[in-house]
Amino acid sequence: MISLTINGQKVEVEPGTTILQAAEKLGVFIPSFCYDPDLTLVGACRMCVVEVERARNLIASCCTPAGEGMVVHTDTERVHEARRANLNLLLANHPLDCLTCEKTGNCRLQDYCYLYGISETDFSGERKDYGFDDSNPFFIRDMNKCILCGLCVRTCHEINGVGAVGFMNRGFDTKVSAAFDDPLEDSPCVFCGMCVDVCPVGALVPKQSVGKGRPWELATVKTVCPYCGTGCGLELSVKDNEIVGVKGDTSSPVNRGQTCVKGRFGLGFLQSPERLTSPLIRKNGELVESSWEEALNLVAQKLRRTRSTELAGLASARATNEENYLFQKLLRTLGTNNIDHCARL
Amino acid sequence: MIGSNTTETHPVIGYRIKMAKNKGASLIVADPRRIDLVDYADVFLQLRPGTNEALLNGIIHVIIKEGLADKKFIREKTEGYIQMSLAIQKYTPEYVERITGVSAAKIRHAARLYAGAESAAILYTMGLTQHIKGTNSVLAVANLAMVSGNIGKPHSGVNPLRGQNNVQGACDMGALPNVLTGYQRVEDRGVLSKFRRAWGTKLNSKPGLTVTEIIDGILRDEIKTLYVMGENPALSDANLHHVLEALEKIDFLVVQDIFLTETAFYADVVLPAAAFAEKQGTFTNTERRVQMVRQAVTPPGKAKPDWFILQELAAKLNLNWSFDTPEKIFREIASVTPDYAGITYERLEKEGGLQWPCPTEKHPGTSYLHKGKFSRGKGLFTPVEYRPSAEEPDEQYPLILTTGRTLFHYHTGTMTRRSDSIDVHKPEEMVQISIDDAARLGINEGDMVGVTSRRGHVTARATVTEQVPAGVVFMTFHFHEAAANLLTINEVDPVAKIPEFKVCAVKVEKIEA
Amino acid sequence: MYERHILICAGTGCISSGTISVKDALENELKKHNLQDKVRIILSGCHGFCEKGPIFIVYPEDIFYCEVQAEDVPELVEEYLIKGNVVERLLYKDPTTDMAITSHDEIPFYSRQKRQVLRNCGVIDPESIDEYIIRGGYVGLENALKMDRMGIINEVKSSGLRGRGGAGFPTGMKWEFAYRSPGDKKYVVCNADEGDPGAFMDRSVLEGDPHAVLEGLIIAGLAIGSDEAYIYVRAEYPLAIQRLKTAITQAEEYGVLGENILNSGANFKINIKEGAGAFVCGEETALLASIEGERGMPRPRPPFPAVKGLWEKPTCINNVETLANIPLILRKGAAWYSTVGTESSKGTKIFALTGKVNNTGLCEVPMGISLREIVFDIGGGIRDGKKYKAVQIGGPSGGCIPEDLLDLPVDFDSLTAAGAMMGSGGMVVMDEDTCMVDLARYFLSFTQSESCGKCTPCREGTKRMLEILQRITKGKGEPEDIPRLEQLAAAVKDSSLCGLGQTAPNPVLTTLRYFRDEYEAHIFDRRCPAGVCKELLSYYIDSELCTGCRACVRVCPTDAISGERKEPHTIDETKCISCGACFDRCRFDAVKTK
């Protein structure tokens, strides 16, 4: 075990623990944009800098391992000054359209500016002026809002593996882009949406959520994806009986927040106008709307009249356990084992 | 990985494979197509479609021949090894190379890599099973895992990746002709009497018909009434003409679904169901993890959850059911299903998912099976012989059609085709054809082509790709406009009754604009 | 037997000044006079005195001809080689005394130097391993092979050698870290990504004495237990790359490189990796990323490369000049080596001396020499009799040293204390005509465009500092700009990820420290004291000199000049936009600036 002091409090941690993690253990908050414990630690955003006694410069706490006897200060004027300068610089190159920005209320740049009381930037000068990339039907890329934390790039390379985006250019012109700055639609991107989930600002916004509600207006429902058998946990955002957002559930042991395009962007079918909304009965060769009473009576009557050997049912690999259970129970109660589903397909 | 295009069909599992690879794991990919994971593979075994069991036998042969087998494991935990090893003798890598087209050197390399690993897992999906010898291939996989002792310990085993959100659960719940919940056999008197008591009703001890047999039964006038809950056999089943004929013919068809599916067109009664986010319940995933499904929104119009409809119907049938919540149903499931006995909604809310077997409320669930000893006692080796697919290519139909899924769509497209953003992104079928075949047939990227088998004909756009080898074309079954299953063959595996979706003979022609 | 050897410098500088045509002409002339068997032509490495190239030295007499062109060759052959008359017009002339000097030892540029690392440069044929060996080459390696690993490391440690790439970290300690890091595979990397504008000592060493670098690398490999090295050299150095490749082939043929070096059982392989010339790739972790095929972006340290470097293996990274010191230390011993230099900085340092001095070029000086000696003795003082203002040391990461610090001893610690840094050894001398604000602006524009873009303070901070400096030089500076600059510079320095960002503010901070008055003049008086910042100049006409020719009136775009023909004109300052057209047009130097 390694013992160190943070803001005068002693803490013991396993070797390899970062200063930031040690601080978390003490409940000491350290802001950061680019830190994600599931990804390579890059120390890029420099928001997490802290003062370590006897170190020449400020130290990025997210990627620096705690050392024996280290004396760390997270709350000095020097630290705050660096963070304020950092936010000031980011703000100097970031649209201040929080009133209409989708990310408002859920934006780390906004949160930290609030924390440090930075309402406007000290610097006038050039700002990024890139076009909008809304080439794909899933999400909007507004690189003017990008703060280059690189979380999307690392997620794309390290978790998804396709590596569709990377950094291009240098200095002020540095930009996250697909190869040759092509629109994402023409890149190897598979639209898993995980970059959207990790973006700390409003640079990546799912189209399905635009204008659909502020974070504080949304209810969150945790459930399981209806597609393949992996069983990923999803978090649905709901407002006014409509699903207006989907994210991977980071607390799910199955997917730990990871998603693919189907779970992330493929739930539009719920609101499809083609949904069945009424029982239908075939009359004179046409399916016409009926009441539940009429439809169920008809089915019950037919079921009663069919001999059990001439009855069969197909259950569903899409329906719940409870429903499949009741379905086979119903058919078996009616005397047949002719029950199957598409497990083989 | 064998017969699994994981990055497209199970993307999140695909991420894990790639992450494991980046952490230093070795990866063997066996697939007829040059799928994305091949870029990460240490060995790529590009076998001819329909030769899985020969390839697996070849690998087992090398493991035994080179002394890489786990003799202690075989001696203590298995039976039938001798018969299996005798059967395997002729599957030398050179012999297997002639069948599969995979070089003997690669077979040896793969065998050494797999058997040499501290722990090794086999992952497979329908590329292995959707053949008339699918059962044999699965047995061959089991032989391979047992011969190297890779079963019953963490990070190993035989792992079929289940294709649908709750296909595991549907099987667990006894939505199968031969078993009740938790794989309790209908012929078993003890089982049957337990259920008779629990349900207070008489039960049939004769196993029922499978999907394919039901379709045949309709055509033979033996099945008169069919109740379909959330399935779409009119697009998903092999040799669709045959299926459509049956749906046309049946006396009375009830379809309960969220959309007016291709199957519902034939229905006499259509019942509107609630979708997953509109109801409560549980799904069981591919690792046997039972997880809570929660309601986020209300169903549209008069649509109702399937369980609610079934309860209402039971009432009409004067059955003495009183399920007013999914939880109540689950309690009954747990009471009749030993593997689910320890699972409750309360635990699922508190602990997240639980992996069965979970026999008691104190049991933490089971992350992998066959720990210590096999569930059946001893692991059984079964000799497996290679036999060819039902329909091999010939002069008239010179290409092999193999079918599957893509990343952007799902199954018969009922949901993804109706999710705008996805359908905008990938609106149509793209028949994959090799560069060689395309050149020979004068087909360019994006050309319309006709694909014809002895059973049917479809048209779709072609994509010319390195993913498929010469002699093979690939289609999905997502698109009703170009339903691949009009072409596939309804030959089935004798045991599992699984259709041979992965191999049939076709010809491809360019359609001049 | 040859009677004479003629060394023609074939460094990059001299080649661009005409070495190849001089050599061709010389071959022709020698043939014409049937001297080809008596005079041997050797194309040597850089002599350092690039300004006077092509350099042409005749041995054994050691006659130093400079700025020789092809058309001078017939005269040199005829007059000197045949008749023995020194061609005085091609000799070097002392700028202060205007005396011609024949021998290169007597030229002040050389006489004040201590050429240890450059001992072979300009003397041997860099494409001949034999010439390297004759001058003691690979003896250091032989000695090292007789020692154990810690023995070699201790020798380097006690020599006091510190890294010549910038930060001056003790080389022996670096080696020891890599040696003590557990690992089955280790790498040695030579950083030849010389990126400071105007610095070219690494290139000259690679071109002039490539074997010294190879020998240093092999010894480093022996010391830390590595069998493979990479030389990361910028692709803009084609000659250096070619000479390195030749040297590697020769070294392998001679058994000092490759399998079983000198029958010791040790193996060593050297790969060359060409970099695309990004300044940030001189930063060691960015350099490693670039070798691995990734975008050249620095990674956080720890883990240090000595623990997890190239492909996550323990890696020791040294710069070219550092490695070129190693053979000397192992050949002559740490005790000998440490006699040169100061307490904390041992040995010599090579500087690329450029700017407003009379003698520009490469010079190798003992540590501890004063700046004054470098500028005024070796450099021959300021050109055109102008006044010294400052010297920028350490390139864009360094700082400027004003006149009152000219007697500062040149070593790692004094330079850092003065706000500059040793850097890789760029030394730009500035005279009274240099605007220090403009200088800071220039270096900031360099670091901003070379910032990798990874961390916020460097990417965004250098941009805003640059914009403020641009504003000031355009006469639009605000009084708050100075504190704003100081604050921002401190934040960028304190919180940037890598050395590039941490040192980028140095030119601003040192100019602010030593030349604050120039900033204030720009901001408060709207005046550029050095007369550089165009927008800040105001023009007037000297009535004594003006002939009233009206030429300036015709070119003025704003009709700001008025006056009768043949009478002195005047400029209306309210209309003048300081475009300078009149200044350029006037044939009588009557238009003046203030």
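Values in this document were obtained by computation on a predicted structure and should not be read as measured data. Throughout, a chain's letter reflects where its sequence line sits, starting with A, and its residues are numbered from 1.
Nearest heavy atoms, Val269(B) versus Ala295(A): CG1-CB, 4.1 Å. For the pair Gly268(A) and Ser419(B), the tightest heavy-atom approach, listed with the atom from each and the gap, is N-OG, 3.2 Å. Contact detail for Cys232(A) and Val12(B): the closest heavy-atom pair is SG-CG2, 3.6 Å. When every heavy atom of Phe327(A) is checked against every heavy atom of Tyr227(B), the shortest pair comes out as CZ-O, 3.4 Å. Ala277(B) and Leu270(A) make their closest contact through CB-CD1, 3.9 Å (heavy atoms, listed as atom of the first residue, atom of the second, distance).
Looking at Arg256(A), both its backbone and its side chain come within 4.5 Å of chain B, counting heavy atoms on both sides. Heavy atoms closer than 4.5 Å to chain A are found in both the backbone and the side chain of Met415(B). Only the backbone of Glu158(A) comes within contact range of chain B, judged by heavy atoms closer than 4.5 Å. For Thr309(A), the part sitting under 4.5 Å from any heavy atom of chain B is the backbone (N, CA, C, O) and nothing else. For a residue to count as touching a neighbouring chain, one of its non-hydrogen atoms must lie under 4.5 Å from one of that chain's; by this rule Ile214(B) touches chain A with the side chain only. Residue Gln208(A) does not touch chain B at all, counting heavy-atom pairs closer than 4.5 Å. Neither the backbone nor the side chain of Ser237(A) comes within less than 4.5 Å of any heavy atom in chain B. Heavy atoms closer than 4.5 Å to chain A are found nowhere in Thr337(B), neither backbone nor side chain. Contact annotation for Val238(A): only side-chain heavy atoms (C-beta onward) come within less than 4.5 Å of a heavy atom of chain B. Heavy atoms of Thr259(A) lying under 4.5 Å from chain B belong exclusively to its backbone. Contacts of Gln280(B) with chain A are made by backbone atoms alone, with heavy-atom separations under 4.5 Å and no side-chain atom involved. Leu287(A) touches chain B through its side chain: at least one heavy atom from C-beta onward sits under 4.5 Å away, while N, CA, C and O do not. For Arg294(B), the parts sitting under 4.5 Å from any heavy atom of chain A are the backbone and the side chain alike. Within the 4.5 angstrom heavy-atom criterion, atoms from both the backbone and the side chain of Lys329(A) approach chain B. If you measure heavy-atom distances from Val255(B) to chain A, you find no contacts under 4.5 Å at all. Of the two parts of Glu222(B), only the backbone, made up of N, CA, C and O, holds a non-hydrogen atom closer than 4.5 Å to a non-hydrogen atom of chain A.
Within the 4.5 Å cutoff, side-chain heavy atoms of His341(A) are placed close to those of Leu176(B). Between Glu213(B) and Asn338(A) there is no side-chain heavy-atom pair separated by less than 4.5 Å. Using a 4.5 Å heavy-atom threshold, the side chains of Gln271(A) and Pro300(B) count as separate. Looking at heavy atoms from C-beta onward, Asp251(B) lies out of side-chain contact with Glu310(A) at the 4.5 angstrom threshold. Contact of the Cys260(A) side chain with the Tyr15(B) side chain is registered, since non-hydrogen atoms from C-beta on lie closer than 4.5 Å. Under the 4.5 Å side-chain criterion, counting only non-hydrogen atoms from C-beta, Lys316(B) is in contact with Asn297(A).
A donor-acceptor distance shorter than 3.5 angstrom exists from the side chain of Arg282(A) to the backbone of Ala267(B), with no hydrogens or angles considered.
The most heavy-atom pairs under 4.5 Å with chain A, out of Asp257(B), Asn165(B), Asn285(B), come from Asn165(B). Note: Ile223(B) leads Val293(B), Ile309(B), Ile223(B) in heavy-atom pairs under 4.5 Å with chain A. Put simply, of Thr225(B), Thr286(B), Thr201(B), the one with the most heavy-atom pairs under 4.5 Å next to chain A is Thr225(B). In terms of non-hydrogen atom pairs under 4.5 Å with chain A, the most contact-rich of Pro305(B), Gly217(B), Ala275(B) is Ala275(B). Among the candidates Ser316(A), Gly335(A), Gly266(A), the residue making the largest number of heavy-atom pairs closer than 4.5 Å to chain B is Ser316(A). Interface remark: of the candidates Thr284(B), Asn232(B), Asp420(B), Val336(B), Thr284(B) forms the most heavy-atom pairs closer than 4.5 Å to chain A. Chosen from Leu330(A), Asn136(A), Leu331(A), the residue pairing most often with chain B at heavy-atom distances under 4.5 Å is Leu330(A). Ranked by heavy-atom pairs under 4.5 Å with chain A, the list Asp36(B), Asn318(B), Leu313(B) is led by Leu313(B).
The pair Lys262(A)-Glu8(B) does not meet the salt-bridge criterion, since no charged nitrogen lies less than 4.0 angstrom from a carboxylate oxygen. Residues Glu289(A) and Lys302(B) are not paired through a salt bridge, judged by the lack of any N-O separation under 4.0 Å between the basic side chain and the carboxylate.
Residues Asp306(B) and Thr320(A) have side chains that never bring a donor and an acceptor to within less than 3.5 angstrom of each other. No hydrogens or angles considered: a donor-acceptor pair under 3.5 Å links the side chains of Thr282(B) and Glu322(A).
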List the steps, then state whether side-chain contact (heavy atoms from CB on, under 4.5 Å) holds for Arg275(A) with Ile258(B). CA-CA 6 Å; Arg275(A) 281 293 296 278; Ile258(B) 61 171; 3.6 Å; yes
Go through it in stages, so that I can follow the logic: the residues are Lys302(A) and Lys224(B), the test is side-chain contact (heavy atoms from CB on, under 4.5 Å), and I'd like the CA-CA distance, side-chain angles, deciding distance and then a yes or no. CA-CA 10 Å; Lys302(A) 282 286 179 187; Lys224(B) 298 275 172 59; over 6 Å; no
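Residues of residues 214-223 of chain A lying within less than 4.5 angstrom of chain B, judged on heavy atoms, are Val221(A), Lys222(A), Thr223(A) in numerical order.
Within the structure, the ring-ring contact (aromatic ring centres under 6.0 Å, His included) test picks out no pair touching residues 273-310 of chain A (sequence neighbours left out).
Taking the six-membered ring where tryptophan is involved, the planes of His425(B) and Phe191(A) are perpendicular, since the angle between them exceeds 60° and thus also 30°.
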